[in-house]
Amino acid sequence: MTKVAILGNAGGGKSTLSKALSDAKHLPLYQLDKLAWNPGWVATPKEAFDREHKSIVKKDAWMIDGMAFLESIKRRIECADTIILIDHPLWIHYCWAAKHQFMCLFQDRPDFVDGCPMLPKTWQLAEMIWRIDKHLRPTLLELMENHQDNKQLYRIQSADELTVPGKGTAVIKESLIY
């Protein structure tokens with residue numbers, strides 16, 4: 001496990017999992033939200049994003065947290081040796097995303113871009129979660145199925161599969177760290 005792509009809908013625990021695995025496996029962590037956005041919710045131009053993403057996936061070792069563009073997902077999957085898809089029921093993504101939004105009342109998200117307040121984007125986040133589930137999720141499942149013979153694949157389908165006692169959402173039980 002040297003090139004790990006962590007994919008899945010918003011609010012599913014990708015960032016928490018990627019930090020824990022990155023630390024445990026001593027892999028450099030790249031969070032695509034930080035690459036895709038700049039302060040004030042200004043999107044990174046697609047050409048600049050693609051250039052940086054290509055540079056990252058060419059490296060010898062990495063852990064990439066996030067989704068971004070479908071083309072980048074396909075490239076990441078091709079280059080990865082391990083793919084983790086967080087695929088909770090839709091209601092879990094909504095509940096956990098709502099919890100993140102609520103917590104933003106008290107502090108900024110440490111895993112996001114400074115100068116991008118989360119609360120004003122709550123409705124857009126809810127719409128995005130629905131769109132990803134209905135339109136992108138089937139594609140992600142198909143991509144995983146296409147690589148079942150040549151990649152390590154993990155599909156996380158419940159909160160229990162991510163829980164470490166006393167730590168909250170952190171790592172995949174009995175598979176990647178232990």
Side-chain angles (χ1 to χ4, degrees), residues 1-23 25-88 90 93 96-97 100 109-116 118 121 124-157 162 169 172 176:
M1 177 186 298
T2 58
K3 297 179 178 182
V4 183
I6 299 181
L7 305 167
N9 210 334
K14 291 185 307 291
S15 295
T16 304
L17 174 63
S18 66
K19 286 179 204 163
L21 285 177
S22 172
D23 290 345
K25 299 295 183 179
H26 309 288
L27 294 172
L29 175 60
Y30 301 93
Q31 294 176 309
L32 293 185
D33 284 340
K34 290 183 178 182
L35 178 60
W37 295 104
N38 298 289
W41 288 103
V42 175
T44 299
K46 188 171 183 317
E47 300 79 27
F49 176 92
D50 288 342
R51 190 172 42 255
E52 183 63 23
H53 183 265
K54 286 176 186 176
S55 168
I56 293 168
V57 297
K58 287 180 182 177
K59 296 178 187 253
D60 292 333
W62 44 262
M63 176 155 312
I64 300 177
D65 156 25
M67 299 282 278
F69 307 102
L70 181 58
E71 303 87 35
S72 73
I73 291 170
K74 289 177 179 178
R75 179 180 301 278
R76 211 168 318 133
I77 286 174
E78 286 298 321
C79 295
D81 59 37
T82 305
I83 304 161
I84 301 169
L85 175 62
I86 298 182
D87 188 28
H88 300 303
L90 185 58
H93 289 280
W96 288 5
H100 288 146
R109 284 194 54 185
D111 60 345
F112 207 76
V113 178
D114 289 337
C116 290
M118 300 301 290
K121 298 293 184 178
Q124 290 168 306
L125 175 63
E127 289 176 326
M128 181 189 73
I129 290 170
W130 184 86
R131 280 193 314 271
I132 288 172
D133 187 72
K134 297 301 173 211
H135 302 290
L136 186 56
R137 181 179 171 271
T139 302
L140 293 174
L141 292 171
E142 181 180 335
L143 289 168
M144 298 263 307
E145 185 176 319
N146 292 343
H147 290 284
Q148 63 187 353
D149 296 332
N150 61 350
K151 311 276 182 187
Q152 283 185 319
L153 303 177
Y154 298 90
R155 184 175 172 201
I156 308 305
Q157 298 183 78
L162 285 175
T169 304
I172 300 172
L176 298 181

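Not measured: the values here are computed from a predicted model.
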Hey, are the side chains of [X] and [Y] touching, using non-hydrogen atoms and a 4.5 Å cut-off?
{"X": "L27", "Y": "L21", "value": "no"}
{"X": "K74", "Y": "L143", "value": "yes"}
{"X": "K19", "Y": "D65", "value": "no"}

Can you tell me how far [atom2] of [Y] sits from [atom1] of [X], rounded to the nearest 0.5 angstrom?
{"X": "K59", "Y": "Y30", "atom1": "NZ", "atom2": "OH", "answer": "3.5 Å"}
{"X": "R137", "Y": "D87", "atom1": "CZ", "atom2": "CG", "answer": "4.0 Å"}
{"X": "D23", "Y": "K25", "atom1": "CG", "atom2": "NZ", "answer": "12.5 Å"}
{"X": "K14", "Y": "I86", "atom1": "NZ", "atom2": "CD1", "answer": "6.5 Å"}
{"X": "Q148", "Y": "I83", "atom1": "CD", "atom2": "CD1", "answer": "11.0 Å"}
{"X": "L153", "Y": "L85", "atom1": "CG", "atom2": "CG", "answer": "9.5 Å"}

Do side-chain atoms of [X] reach the backbone of [Y] as a donor and acceptor pair under 3.5 angstrom?
{"X": "R131", "Y": "L136", "value": "no"}
{"X": "T44", "Y": "L35", "value": "yes"}
{"X": "N9", "Y": "I132", "value": "no"}
{"X": "K151", "Y": "A80", "value": "yes"}

- Item | Parallel, tilted or perpendicular: ring planes of H88 versus H93, cut at 30 and 60 degrees |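 Tilted: the ring planes of H88 and H93 meet at 30° to 60°.
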
Can you give me the closest heavy-atom contact between [X] and [Y], atom names plus distance?
{"X": "W96", "Y": "G11", "value": "CB-O, 2.8 Å"}
{"X": "A68", "Y": "F49", "value": "CB-CZ, 3.3 Å"}
{"X": "I129", "Y": "A97", "value": "CD1-CB, 3.6 Å"}
{"X": "L7", "Y": "G66", "value": "CD2-O, 3.3 Å"}
{"X": "A43", "Y": "N38", "value": "C-ND2, 3.8 Å"}
{"X": "S22", "Y": "L29", "value": "OG-CB, 3.6 Å"}

- Take atom NZ in K46; do more than 12 heavy atoms of anything else shown fall under 6.0 Å from it?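 Above 12, so yes.
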
- For atom CG of D60, decide whether the heavy atoms of other residues, nucleotides or ligands shown that lie under 6.0 angstrom number more than 12.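 Open.
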
- R76-S72 side chain donor-acceptor pair, cut-off 3.5 Å: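 A donor-acceptor contact under 3.5 Å links the two side chains.
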
- Message: Pair H135, W130 - check side chain to side chain contact (heavy atoms under 4.5 Å, CB included), show working.
- Response: CA-CA 8 Å; H135 302 290; W130 184 86; 3.9 Å; yes

- Message: Go through it in stages, so that I can follow the logic: the residues are V57 and E78, the test is side chain to side chain contact (heavy atoms under 4.5 Å, CB included), and I'd like the CA-CA distance, side-chain angles, deciding distance and then a yes or no.
- Response: CA-CA 9 Å; V57 297; E78 286 298 321; over 6 Å; no

- Step by step, work out the side-chain hydrogen bond (donor to acceptor under 3.5 Å, both in side chains) result for H53 and D50. CA-CA 5 Å; H53 183 265; D50 288 342; over 6 Å; no

